[in-house]
Number of protein chains: 2
Amino acid sequence: MSSTSDFRGICIRHGLAATHQRQVIYETVMSLPGHPSAETIYEKVRERIPSISLATVYKNIRTFLESGVFQEVSFHHGSLRVEANRRPHHHLVCTRCRSIIDLEEDELEPVRLRDTYARGFQVQRFAVDVVGICDTCSKAEAISQK
Amino acid sequence: MSSTSDFRGICIRHGLAATHQRQVIYETVMSLPGHPSAETIYEKVRERIPSISLATVYKNIRTFLESGVFQEVSFHHGSLRVEANRRPHHHLVCTRCRSIIDLEEDELEPVRLRDTYARGFQVQRFAVDVVGICDTCSKAEAISQK
DNA sequence: CTAGATGCAAACAGTTTGCGTCACT
DNA sequence: AGTGACGCAAACTGTTTGCATCTAG
């Protein structure tokens with residue numbers, strides 16, 4: 001029973017209409033393994049609603065992301081960004097303005113996999129995004145909330 | 001002196017022709033702060049070569065990335081990917097096939113900023129990409145190198 | 001009944017490609 | 001001289017938007 005009522009509860013909590021399309025998109029994302037793209041979700045949803053529009057899928061993905069029902073895999077999905085800094089370093093990523101600030105490697109405690117881990121993956125390096133709100137945005141927010 | 005000869009050395013080492021356009025693009029990327037987009041680089045390069053084509057800028061960025069002269073800020077710059085996994089976790093990212101595998105949070109030693117750090121950034125969470133070669137790709141490579 | 005959701009097509013942004021001409025090596 | 005680079009325009013992919021119609025609340 002929980003699947004349907006989960007969905008309705010989520011919609012109520014976020015002030016969203018519980019439409020059929022929205023529900024199928026939600027269930028499809030939950031059912032797909034890994035990190036599906038909009039196109040993948042669209043293909044899968046069409047098996048249940050052949051007449052659905054790709055725009056509807058995009059609009060609902062956006063809606064779910066904005067209400068925090070789903071997350072984006074990465075904050076870097078936009079256009080290609082070039083990194084000239086050859087020193088190993090990490091990034092501070094602001095969720096508000098999407099700005100990226102370099103963080104020197106020694107500003108972070110060393111990152112390590114627990115030695116129990118293997119899976120045949122050959123590690124080359126660790127790239128850490130410190131996700132949060134930058135100084136500028138948190139000040140701007142403080143003002144707007146007066 | 002080193003700037004020009006740096007560039008020529010890089011070109012020789014990577015088997016690239018040392019053209020004027022290529023040099024200006026290289027110098028521009030090195031001079032720009034942060035993580036410029038192709039468009040930003042193009043705008044800046046045009047100050048020195050007004051007739052340059054955007055396609056040339058793109059082609060050269062690709063060339064530099066492929067030869068490792070520059071890096072991409074992130075391996076996630078493609079299309080939007082949706083993450084339904086609500087549990088905190090990290091990612092194994094394969095540089096060869098670009099696949100993304102979830103890594104449970106407890107498979108990594110806890111990530112921490114050194115307490116000296118501040119800059120007014122409000123940290124929400126750490127998103128770690130363990131960058132390397134996945135099992136499938138490393139096996140494929142072993143075979144192709146026979 | 002009405003705000004918000006859907007479907008369609010057109011618009012857009014970012015990026016790549018084909019091809020004729022030009023320039024490094 | 002020949003291979004690869006450039007410039008241009010057209011093509012392409014991923015995504016958003018405007019608008020008329022429909023539907024959940």
Side-chain angles (χ1 to χ4, degrees), chain A residues 4-5 7-26 28-29 35-46 48-67 69-70 72-82 98, chain B residues 4-5 7-26 28-29 35-46 48-67 69-70 72-82 98:
Chain A
T4 299
S5 39
F7 172 72
R8 299 202 86 88
I10 287 164
C11 287
I12 291 166
R13 248 173 280 129
H14 293 95
L16 304 173
T19 66
H20 181 51
Q21 287 87 336
R22 186 163 285 162
Q23 174 161 7
V24 173
I25 291 166
Y26 173 81
T28 300
V29 171
H35 311 87
S37 65
E39 198 68 33
T40 302
I41 295 163
Y42 174 58
E43 296 296 346
K44 193 76 182 170
V45 167
R46 266 209 299 189
R48 290 177 58 190
I49 314 177
S51 62
I52 200 168
S53 154
L54 179 57
T56 298
V57 173
Y58 269 104
K59 284 170 186 166
N60 277 294
I61 290 173
R62 272 264 94 78
T63 302
F64 285 136
L65 293 177
E66 278 159 17
S67 37
V69 176
F70 298 135
E72 293 182 55
V73 167
S74 155
F75 286 93
H76 301 290
H77 54 279
S79 64
L80 172 67
R81 293 311 179 93
V82 179
R98 302 245 156 185
Chain B
T4 300
S5 39
F7 173 71
R8 298 202 86 88
I10 286 165
C11 287
I12 291 167
R13 249 173 280 129
H14 293 95
L16 304 172
T19 66
H20 181 51
Q21 287 88 337
R22 187 162 285 162
Q23 175 160 8
V24 173
I25 292 166
Y26 173 81
T28 300
V29 171
H35 310 88
S37 66
E39 198 68 34
T40 303
I41 296 164
Y42 173 58
E43 296 297 345
K44 193 75 182 170
V45 166
R46 267 209 297 190
R48 290 177 58 189
I49 314 178
S51 62
I52 199 168
S53 153
L54 178 58
T56 298
V57 172
Y58 269 106
K59 284 170 187 166
N60 276 294
I61 290 173
R62 272 265 95 78
T63 302
F64 285 136
L65 293 176
E66 278 160 17
S67 36
V69 176
F70 299 135
E72 294 181 55
V73 167
S74 155
F75 287 94
H76 301 289
H77 55 279
S79 64
L80 171 68
R81 294 310 179 94
V82 179
R98 303 244 156 186

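Note that these values count all heavy atoms, side chains included, but never hydrogens, waters or copies made by symmetry. Keep in mind the model is a prediction, meaning the values are calculated, not measured.
Applying the side-chain contact (heavy atoms from CB on, under 4.5 Å) criterion to B:L54, with sequence neighbours excluded, gives B:E39, B:Y42, B:Y58. Remark: B:K44 engages B:E47 in a salt bridge (Lys or Arg N to Asp or Glu O under 4.0 Å) (not counting sequence neighbours). Every residue meeting the side-chain contact (heavy atoms from CB on, under 4.5 Å) condition with B:H14, not counting sequence neighbours, appears here in chain and number order: B:I10, B:L16, B:S67, B:V69. Partners of B:R48 according to the side-chain hydrogen bond (donor to acceptor under 3.5 Å, both in side chains) rule, which considers only residues two or more places apart in sequence or in another chain, are B:E27. With sequence neighbours excluded, no residue forms a side-chain hydrogen bond (donor to acceptor under 3.5 Å, both in side chains) with B:R81. Applying the side-chain hydrogen bond (donor to acceptor under 3.5 Å, both in side chains) test to B:S37 and every residue at least two apart in sequence or in another chain returns B:T40.
Following rounding to the nearest Å, B:H14 (NE2) and C:dT25 (C1') show an atom-to-atom distance of 18 Å. Going from atom CZ of A:F7 over to atom P of C:dA5 covers 11 Å, rounded to whole Å. Distance B:N60 CG to C:dA23 C1': 14 Å, rounded to the nearest Å. The interatomic distance linking B:R46 (CZ) with D:dG7 (C1') rounds to 13 Å, in whole Å. Here C:dG14 presents its C1' atom at 13 Å from CD1 of B:I41, a figure rounded to the nearest Å. One atom, CZ of B:R22, and another, P of C:dA23, lie 15 Å apart when rounded to the nearest Å. Atom CD1 of A:I61 and atom C1' of C:dT6 are 15 Å apart (whole Å). Note: CD (B:Q23) to P (D:dA5) measures 15 Å, nearest angstrom.
Across all strands shown, A:S51 has heavy atoms under 4.0 Å from sugar-phosphate atoms exclusively, and none from any base.
An OP1 or OP2 oxygen of D:dG7 is reached within less than 4.0 angstrom by a side-chain nitrogen or oxygen of B:T56. The phosphate of C:dG7 has OP1 or OP2 within less than 4.0 Å of a side-chain N or O from A:Q21.
DNA chain D is contacted by both B:R81 and B:T63; B:T63 maps to the nucleotide lying nearer its 5′ end (nearest heavy atom per residue).
Ranking D:dC6, D:dG7, C:dA5 by closeness to the B:S53 side chain, first place goes to D:dG7.
Remark: B:Q21 CD to B:K59 NZ distance equals 11.5 Å, nearest 0.5 Å.
Put simply, the side chain of A:T19 does not reach to within 4.5 Å of the side chain of A:N60, judged on heavy atoms.
Overall bending of the helix from C:dC1-D:dG25 to C:dT25-D:dA1, expressed as the angle between end axes built from five pairs apiece, is 40° (10° steps).
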Where along nucleotides 16-25 of chain D does protein come under 4.0 Å, by heavy atom, of base (B) or sugar-phosphate alone (S), with - for untouched nucleotides? BBB-----SS

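Note on ring orientation: taking the six-membered ring where Trp is involved, the planes of B:Y26 and B:F7 are tilted (angle from 30° to 60°).
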